[in-house]
Amino acid sequence: MSRELDQLRKQIDEVNTKLLELLNQRARLAQSIGEVKKSQGIHRFDPVRERDMLDRMTKLNPGPFDNDTIRHLFKQIFKASLDLQEKNHKKALLVSRKQQPDDTVVHVGDVQIGGYEKNLIAGPCSVESEEQVREVARALKQQGIRLLRGGAFKPRTSPYDFQGIGEEGLRILREAADEFDLKVISEIVNPSDIDLAERYIDVIQIGARNMQNFELLKAAGSSRLPVFLKRGMSATVEEFLFAAEYIVSRGNSQVMLCERGIRTYEKWTRNTLDISAVPLLKQESHLPVFVDITHSTGRRDIQLPVAKAALAAGADGLMLEVHPDPSVALSDANQQIDIAQFEKFMDEIRQSGLFQFTEP
Ligand code: PEP
Ligand code: MN
C-alpha cells in the first residue's frame, strides 16, 4: 500500500517537474510576444485572444477536470504571464532603480541634492514684497540653508483668492537670492512660462495640482532647469513615478520628488502625510525624495516630529514655509512659521542628528 503511494507520488513529482518546465517555456514565449507587441505599440492585454485560447482548451478537455476548472486554471496562467510583462515594462522606466542603481544627484549651481546630502528648502508660501523675501533669505543664509522657495504663480483653489504676483515675484526672488548667495525654486503652472522661469530661477516646482498636467511635465522635461515635482493630492505612488517619467523621458534627468500629503478623511491635518511613500520611492526610484512638512500637516505644532520622521524614513530633504509675519500672509497664513520659530526648528532638527550629511 505504502509502496503504491510512493510510486504515485513519484509520478506526481515527475509531472510537476514537466509542468514547471512547460509553464516557464510558456512564460518565455509570452515575454517574446510582449516584446513584439511593445515594438508595434500594441496593448499587452488581448481579451479576444484569451477567449480563443480558453475555447480551444475547453473543447480539447478530456477531463476529469470540468471546463470551469480548466478555464479558472488557464486564466491564472494568463494573468501570471501578463503580470510578468507588466514587471518587465516597469523595469524599463527611466526613473526606476532597476534602470539606474545609483542615486541621482541633482546639481543646482554649487548645491548638491541627493546622494549623501540632506537639504532644506524654505521660504514663504507666496512672494508678497521685496522686504518679505529679503528677510526670509537673510534668515536662511544665517542658517547655512541654500535653497529659497516662494510662489509667484499660485494655483489657488478659489479664483477669488490671491493668485500671486507673477513675473515680478520671480524677479524679487532672484534679487534676494543673489544678494544672499541662494538658489531659487518657484512654481510654474503654465508650459509657456518655462522660458520665463529659465530667465529668473534655478529650479522649477511643479505643484500637487499640476502633477498630471502632462503638457507642463513635457515642457519641464525639455528645460535645462532641474524640476521639483510634488505628489498630487490623490495620486498613487505609481502615478507619481509616471509623472516624473514624463519629465525624465524628455531628456531632463534632474528631477526631485516631494511627498506633500494626500487627501484622506482626516481633518486634524490638512493632508495625510504618506510616510511610507518615502522608503517606497527611495526603493523604487533613484531620484532624491523630499517631504513637505508644511502642506502635509497644515499646522505648526507637529512639524518638528514630522520632519524627524521624514528624515528617519530616508528623505533627502525637507520643504517648509517660513514667513516674517505669517498672520498677515496672503496665502497659507495658518501653517507658515515665523523666523524665530524657523531658527528654533533648525536648532532642534540639527540636535536630532538626522539632518546631517550621511557618510557612504
Ligand atoms: C507650494 O508648495 O507652494 C504648494 C502650493 O504646495 P502643493 O502644490 O503641494 O499644494
Ligand atoms: Mn503654501
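Just so we're clear, the structure is a prediction, and the values are computed from it rather than from any experiment. Start at 1 and go down the list; that is how both ligands and their atoms are numbered.
- Those atoms of ligand 1 that come under 4.0 Å of a heavy atom in Gly207, given as number and element, are 8 (O).
- Those atoms of ligand 1 that come under 4.0 Å of a heavy atom in Lys154, given as number and element, are 3 (O).
- Set against the non-hydrogen atoms of His295, the atoms of ligand 1 under 4.0 Å away are 1 (C), 2 (O), 3 (O), 4 (C), 6 (O).
- In summary, Glu21 and Arg28 engage in a salt bridge, as defined by a charged side-chain N under 4.0 Å from a carboxylate O.
- Annotation: atom 5 (C) of ligand 1 to nearest protein heavy atom, Glu187 OE1, 3.8 Å.
- Side-chain contact annotation: Asn61 with Thr58, donor-acceptor N/O pair under 3.5 Å absent.
- In this structure, Phe228 and Ile113 have side chains that are not in contact, with every pair of non-hydrogen atoms separated by 4.5 Å or more.
- Looking only at side-chain heavy atoms (C-beta outward), Asp202 and Arg174 come within less than 4.5 Å of each other.
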Using the rule given for side chain to side chain donor-acceptor pair (under 3.5 Å), can you reason through Ser296 versus Glu259, listing the C-alpha separation, both sets of side-chain angles and the distance that settles it, and then say yes or no? CA-CA 8 Å; Ser296 56; Glu259 162 62 38; over 6 Å; no

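- The only member of Arg260, Arg149, Arg231, Lys230 that meets side chain to side chain donor-acceptor pair (under 3.5 Å) when paired with Asp292 is Lys230.
- Considering only heavy atoms from C-beta on, Leu120 comes within 4.5 Å of Phe345 through its side chain.
- The nearest protein atom to atom 9 (O) of ligand 1, hydrogens excluded, is given as Arg260 NE, 2.6 Å; this is a heavy-atom distance.
- The nearest protein atom to atom 8 (O) of ligand 1, hydrogens excluded, is given as Ala208 N, 2.8 Å; this is a heavy-atom distance.
- Restricting Asp332 to its N, O or S atoms, the one at the least distance from the Mn ion (ligand 2) is OD2.
- Of all N, O or S atoms in Glu321, the one lying closest to the Mn ion (ligand 2) is OE2.
- With a 4.5 Å cut-off on side-chain heavy atoms, Gln25 and Leu22 count as touching.
- When only non-hydrogen protein atoms are considered, atom 6 (O) of ligand 1 lies nearest to Lys230 NZ, 3.0 Å.
- Heavy atoms of Gln205 found under 4.0 angstrom from ligand 1 belong exclusively to the side chain.
- At least one heavy atom of Arg149 sits closer than 4.0 Å to an atom of ligand 1.
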